[in-house]
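Since the structure comes first, as structure tokens, the remarks are kept for the end.
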Amino acid sequence: MKPAGDSAPRPSNRPAPPARRTILLAGGALAVAAALVAGVVLRGLGDSGEPARCAEGLVAMGARCCGAGQRMESGRCIGVPSGCGARHEVSPGGCVPRAGGERRDIAGGHLVLGPGDWEALGVVTRYEADVAAFQLDAFEVTEARWEACLRAHACSQDVPLSGEPGRPVASVTFDEAEGFCRFAGGRLPSRDELVLAISRGGRRYPWGDTGAVCRRAAWGLASGPCASGGSGPDTAGAHPDGASPDGVEDLAGNVAEWARAPAGDAAQGVQLALGGAWNDTEAAALRGWNRRALRHDARDPAVGFRCLYPRE
């Protein structure tokens, strides 16, 4: 008779049962998938994080893009910059887009706008319009250009300025913006003209259909996702990766831009602002179909403008 202990199972060197191998393989696959996801997230953060979100020659400081050698105080870029890069020029008050008054040609065309984007459902009514060719400011109107209008006694003294010449004018009423454009030889664009510049061919954003990251537009600067603590727009032209194919910059983000509303709304004293702004937290706010209706005399710190001119 064998000892009782001989009936206990002996250790085996045989491979693990198939079910166990499957679990181990699945765990390994999950680990690989997690690593891949982490890599994608890190690449995404790299796209939207510092310093890539600022144009070459500008330095990311908090929620802003400032000139080299400047410092940040209360949301402003302070001091004479030691450099601004090739796209901006140095001024005593900061970096200013080179040739800040330059214009871009916008070909006319047949505009078709509708709720093709699911987030536009219930917000946008499909409509079509024929739009003639025009020219548009390459940059939002800056404080430097507004100061020139003030010196010519052609613009309102009531518009608050931050003292940064390269920053877009904000808290400007529709009528004050229209007055500046007359001084500059143009006018404010209509809704259809500005929509055409933003989303010709059905683009969601000025640059295309995807990629609403922080290097392409100044948005989410107050409470995320691009920064926190922002209290106003960024330096004009600080995000060249977000330019439209026509070379118009900041059509999405920074400041929403005044546009002439259709006649029925305008008769009620209501005008429109398009393009999203520095304090918007959702990427959908940057899309071409998005607009906010405002009284023509509203002063909104997130609203500025650019001018349209006849095609030369």
Side-chain angles (χ1 to χ4, degrees), residues 41-102 138-147 161-170 205-207 211-244 247-255 275-281 283 286 301-302 304:
V41 170
L42 288 174
R43 284 196 297 273
L45 291 174
D47 278 346
S48 61
E50 298 178 317
R53 64 180 176 85
C54 298
E56 185 177 357
L58 299 181
V59 181
M61 296 184 187
R64 295 291 312 283
C65 294
C66 300
Q70 289 192 294
R71 65 185 187 279
M72 175 65 61
E73 288 185 8
S74 301
R76 294 178 56 211
C77 302
I78 302 295
V80 180
S82 59
C84 293
R87 304 184 71 260
H88 293 77
E89 58 188 12
V90 173
S91 78
C95 298
V96 181
R98 289 189 182 277
E102 67 185 35
F139 304 97
E140 293 158 331
V141 172
T142 61
E143 292 191 10
R145 294 184 68 194
W146 190 267
E147 291 276 9
L161 301 177
S162 70
E164 290 187 56
R167 212 174 190 183
V169 173
Y205 306 105
W207 56 83
V213 294
C214 305
R215 64 184 171 81
R216 286 196 170 122
W219 67 288
L221 302 184
S223 57
C226 293
S228 61
S231 57
D234 206 351
T235 306
H239 300 81
D241 286 349
S244 74
V248 183
E249 304 200 21
D250 296 321
L251 279 169
N254 220 21
V255 288
W278 58 271
N279 58 355
D280 282 312
T281 59
L286 308 180

Only one of Asn279, Val255, Val169 clears side chain to side chain contact (heavy atoms under 4.5 Å, CB included) with Pro233; which? Val255
Minimum heavy-atom separation for [X] to [Y], with atom names?
X	Y	result
Gly253	Leu286	N-CD2, 3.7 Å
Cys95	Gly83	SG-O, 4.1 Å
Pro81	Gly67	CB-CA, 4.0 Å
Val90	Cys84	CG2-SG, 3.6 Å
Trp207	Ala252	CZ3-CB, 3.9 Å
Ala238	Leu58	CB-CD1, 3.8 Å

[X] side chain vs [Y] backbone, donor-acceptor pair below 3.5 Å:
X	Y	value
Gln70	Gly79	yes
Glu164	Cys77	yes
Ser82	Ala68	yes
Thr235	Cys65	yes
Arg87	Gly237	yes

Do the side chains of [Y] and [X] get nearer than 4.5 Å, heavy atoms only?
X	Y	result
Pro206	Val248	no
Glu56	Pro240	no
Asp250	Pro168	no
Glu147	Leu161	yes

Indicate whether the side chain of Glu143 and that of Ser162 have a donor and an acceptor atom separated by less than 3.5 Å. yes
If I take atom [atom1] from residue [X] and atom [atom2] from residue [Y], how far apart are they, to the nearest 0.5 angstrom?
X	Y	atom1	atom2	result
Cys66	Arg71	SG	CZ	11.0 Å
Leu221	Thr281	CG	OG1	11.5 Å
Ile78	Glu73	CD1	CD	5.0 Å
Arg216	Glu249	CZ	CD	13.5 Å

Looking at Glu102, I'd like to know if its CD atom is crowded, meaning that more than 12 non-hydrogen atoms belonging to other residues, nucleotides or ligands lie closer than 6.0 Å. yes
Answer yes when Asp234 and Arg64 have at least one side-chain N-carboxylate O distance shorter than 4.0 Å, and no when they do not. yes
